[in-house]
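A short write-up of the structure that comes next.
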Amino acid sequence: MTSVGYWFVAFALIYTLLLIGIGQFTVRKASGGSGYFVGGRNFNAFFVAVCITGLFSGSSFIAIIELSYLTGVSAVWYGVAETVQVLLIAVLFIGPFRKKLVITISGLIGDRFGKRAQALGGAITAFAFPMWSVATALAFASALHVFTGVSLITAVIITALLLFAYLQFGGMWAIGYTQMFNTIMFYVMLAVGFIAVFINPGMDGLKQFAEVRPEMFSYSSVGIQTIVAWFGTFLVNIVLAQAAFQMALSCKTVEEGKKGLLWGAFLGIPLIVGAVFFGLSAAVVVPDEKVGLIAIPHYLLEVLPAPLVALFFLGFWACALSWGAPCQFSGATSLGKDVGSALFPGRGEQTYIRYTKWALAILTIEMIILATLRSEQSAWWNVLAWVTRNSATFAPVVAALFWPLATSRAVISSMVVGTTTGLLWYHLGGWETSQFFLHTHPVWPGMIANMFTLVIVTLAEQATVLKVKASRSQTRTGLYLIILAVVTTVLTTLNYTPLYEKGLLGLALFIITLSLFFCTMLFVKKGDKKTKDTLLKASSY
């Protein structure tokens, strides 16, 4: 182990004891079901802000710092897309979801479509979350390995067990307080990183690098299709960001939640900018590494003394923890509370808290197993998680919010068909991280099948009570959506080959399907009782 490794272990031990102590401190606050799952709905804007900063900015920092090392400043679009997602959640969904007292997305599905839909949605959501947790933990572990010699698997096990230790006791309150300390560590890391930048290569060094490698300073060097995919993924995730919703909806009031989300987006901006600078600086000083997360520690080791390097990577670990904790806890809530209440209804809140603590243990074991199965490609687990969860729950959540006509059987069918389609598509592509079957990310066919199945089964089940009607404003909106679908269809047909080659064909088909899905929800509704009785009488002759 290097001298940096010893410093890091010392810092990490102190920080670990702090986080576990916070978990113990929050036990009393989390004594009731509401206190454990959503902080008793008592989070102020500050707590919401640090929770959101920890969740999104921590994971984005790790992604952007590696991307900027490999592709340059165009990595900033990842952070922009994530920031837009947070802002749209604040503007569009925090109010309606807070009024509905939503805890989880799978709970929202259950409230609208029944216990079987809740159990299936909760199980799919729960087992997808450790995939995101392990992806970020592996990314951190690859950097940690450079100066401690700790294996990837060992680093993931340590991370998983720490998350389990402090989430067991305090639930959402533990997340709130630990995210506050994680956010502080982000900014300590940020300060250390900029010290390194100004020492070497400095602003002059970056200017010279721009002259030698101008492509690294192009805002499209990562590829237009990749940038579009980032925005598409984050925008779709607006209605599915369960971990973010669970933290933001712990707010006292809608206004506190909105302010917290807006502050969280603002707090994330320096981290996005810093990650780009650090990645570019590492590309100047350590230009020949193929893996960005290996290059970063080598860069810092050349520039800074051991204690500062260790302090930087303590912040890096905080990034992994700040993403993993909400993911593990939200997944455990879906498994323990939602699946538990669906299978064993009528139990007390303490029973579902106990189930959730058991679920945390199960998901901790899953996280460790996943790391052993595929530790060399952290991005692979991200893709699998998006495909598994989004292909199942996208259409049901939208229908729960906007389409009273949808049925429980249609929702269950859409979850099964959507996830199966997405995973089958991934399989046909050989389970590769970036090279997909027919150049199409499997999440697009998965969600298309998800929407299509829900509409077809609903229309078949509700055929006797269907009525096409819409208000003037709905008709106008529907017309715009039809125009969007037609224009997108024409442009896709005319540009089929370049769209296919750039991997954008699936996104185009998704936009067409989504437009028609919303049109169906706007125009096709359940008729009133008189209409139903008339249809029944007519069928009797």
Side-chain angles (χ1 to χ4, degrees), residues 12 15 19 51-69 75 78-79 81-82 85 127-145 150-164 166-167 175 178-179 182-183 185-186 189 230 233-234 237 241-244 247 268 271-272 275 278-279 291-294 296-297 312-332 363-364 366-386 388-389 433:
Y15 198 62
L19 296 182
C51 282
I52 294 300
T53 302
L55 176 67
F56 287 121
S57 298
S59 61
S60 293
F61 181 87
I62 291 177
I64 294 170
I65 198 171
E66 178 169 39
L67 285 165
S68 59
Y69 175 83
Y78 187 98
E82 170 260 319
Q85 177 193 28
F127 290 110
F129 268 118
M131 299 176 193
W132 280 301
S133 301
V134 76
T136 306
L138 283 169
F140 156 74
S142 65
L144 180 67
H145 175 73
V150 172
S151 69
L152 298 179
I153 304 304
T154 301
V156 172
I157 290 173
I158 293 170
T159 303
L161 292 178
L162 175 58
L163 293 175
F164 175 74
Y166 70 76
L167 289 175
I175 288 178
T178 54
Q179 292 293 65
N182 285 333
T183 301
M185 283 308 310
F186 292 172
M189 172 184 66
W230 288 342
T233 300
F234 277 115
N237 203 48
Q242 175 171 299
M247 292 186 295
L271 289 159
I272 294 169
F278 305 157
V291 181
L293 290 172
I294 298 296
I296 302 301
F312 181 92
F313 279 99
L314 184 63
F316 219 64
W317 193 33
C319 289
L321 294 175
S322 66
W323 171 257
C327 286
Q328 291 295 93
F329 182 67
S330 197
L363 298 187
T364 299
E366 181 194 350
M367 183 177 168
I368 294 170
I369 291 173
L370 295 181
T372 62
L373 291 177
R374 195 158 184 154
S375 60
E376 73 281 2
Q377 289 181 317
S378 61
W380 190 87
W381 290 113
N382 275 327
V383 175
L384 186 63
W386 287 119
T388 303
R389 198 275 306 271
T433 306

If I take atom CZ from residue F278 and atom CD1 from residue I296, how far apart are they, to the nearest 0.5 angstrom?
9.5 Å

Show your working on side chain to side chain contact (heavy atoms under 4.5 Å, CB included) between F127 and L363 and close with a plain yes or no.
CA-CA 7 Å; F127 290 110; L363 298 187; 4.0 Å; yes

Between S59 and F56 (side chain of the first, backbone of the second, donor and acceptor by atom type, cut-off under 3.5 Å), is there such a pair?
yes

Where do G315 and M189 come nearest, in terms of heavy atoms and distance?
C-SD, 3.5 Å

Evaluate L163 against T364 for side chain to side chain contact (heavy atoms under 4.5 Å, CB included), listing each step before the verdict.
CA-CA 8 Å; L163 293 175; T364 299; over 6 Å; no

Atom pairs and distances, donor-acceptor, side-chain atoms in residues 153-160, under 3.5 Å, two or more places apart:
{"residue": "T154", "atom": "OG1", "partner": "S151", "partner atom": "OG", "Å": "2.7"}
{"residue": "T159", "atom": "OG1", "partner": "A155", "partner atom": "O", "Å": "2.9"}
{"residue": "T159", "atom": "OG1", "partner": "W317", "partner atom": "NE1", "Å": "3.2"}

Looking at CE of M185 and CG of L314, how far apart are the two atoms once the value is rounded to the nearest 0.5 Å?
4.0 Å

So which atom in A320 and which in A137 form the shortest heavy-atom distance, rounded to 0.1 Å?
CB-CA, 4.5 Å

For the residue pair I64 and S60, establish whether any side-chain heavy-atom pair is separated by less than 4.5 Å.
yes

Does the T372 side chain pair with the main chain of I369, one donor and one acceptor, at a distance under 3.5 Å?
yes

What residues form a side chain to side chain contact (heavy atoms under 4.5 Å, CB included) with S322, not counting sequence neighbours?
Q179, N182, F186

Spatial distance of atom OG (S57) from atom CD1 (I52) [nearest 0.5 Å]
9.5 Å

Applying side chain to side chain contact (heavy atoms under 4.5 Å, CB included) to S330 and not counting sequence neighbours gives F129, Q242, A243, Q246

I'd like to check the side chain to side chain donor-acceptor pair (under 3.5 Å) partners of Q328; sequence neighbours left out, ordered by chain and number.
S133

Give the minimum heavy-atom separation between L138 and W381, together with the two atoms involved.
CD1-CD1, 4.0 Å

The side chain to side chain donor-acceptor pair (under 3.5 Å) partners of N237 (sequence neighbours excluded) come to R389

Which heavy-atom pair separates A385 from W132 by the least distance, and what is that distance?
CB-CE2, 3.4 Å

Apply side chain to side chain donor-acceptor pair (under 3.5 Å) to W386 and list each qualifying residue two or more places apart in sequence or on a separate chain.
none

Evaluate the side-chain proximity of L162 to L321: yes if any heavy-atom separation is below 4.5 Å, no if none is.
yes

Set of side chain to side chain donor-acceptor pair (under 3.5 Å) partners for T136, sequence neighbours left out
W323

Using ring-ring contact (aromatic ring centres under 6.0 Å, His included) as the criterion, list what pairs up with F234, not counting sequence neighbours.
Y78

Residue list, ring-ring contact (aromatic ring centres under 6.0 Å, His included) with F316, at least two apart or on another chain
F313

What do the steps show when you test I62 against E66 for side chain to side chain contact (heavy atoms under 4.5 Å, CB included), and what is the final call?
CA-CA 7 Å; I62 291 177; E66 178 169 39; over 6 Å; no

Quick one: closest heavy-atom pair of A371 and V134, and the distance?
CB-CG2, 3.7 Å

Any heavy-atom pair between the side chains of I175 and C51 that's under 4.5 Å?
yes

Between CZ of F61 and OG1 of T53, what distance do you get to the nearest 0.5 Å?
14.0 Å

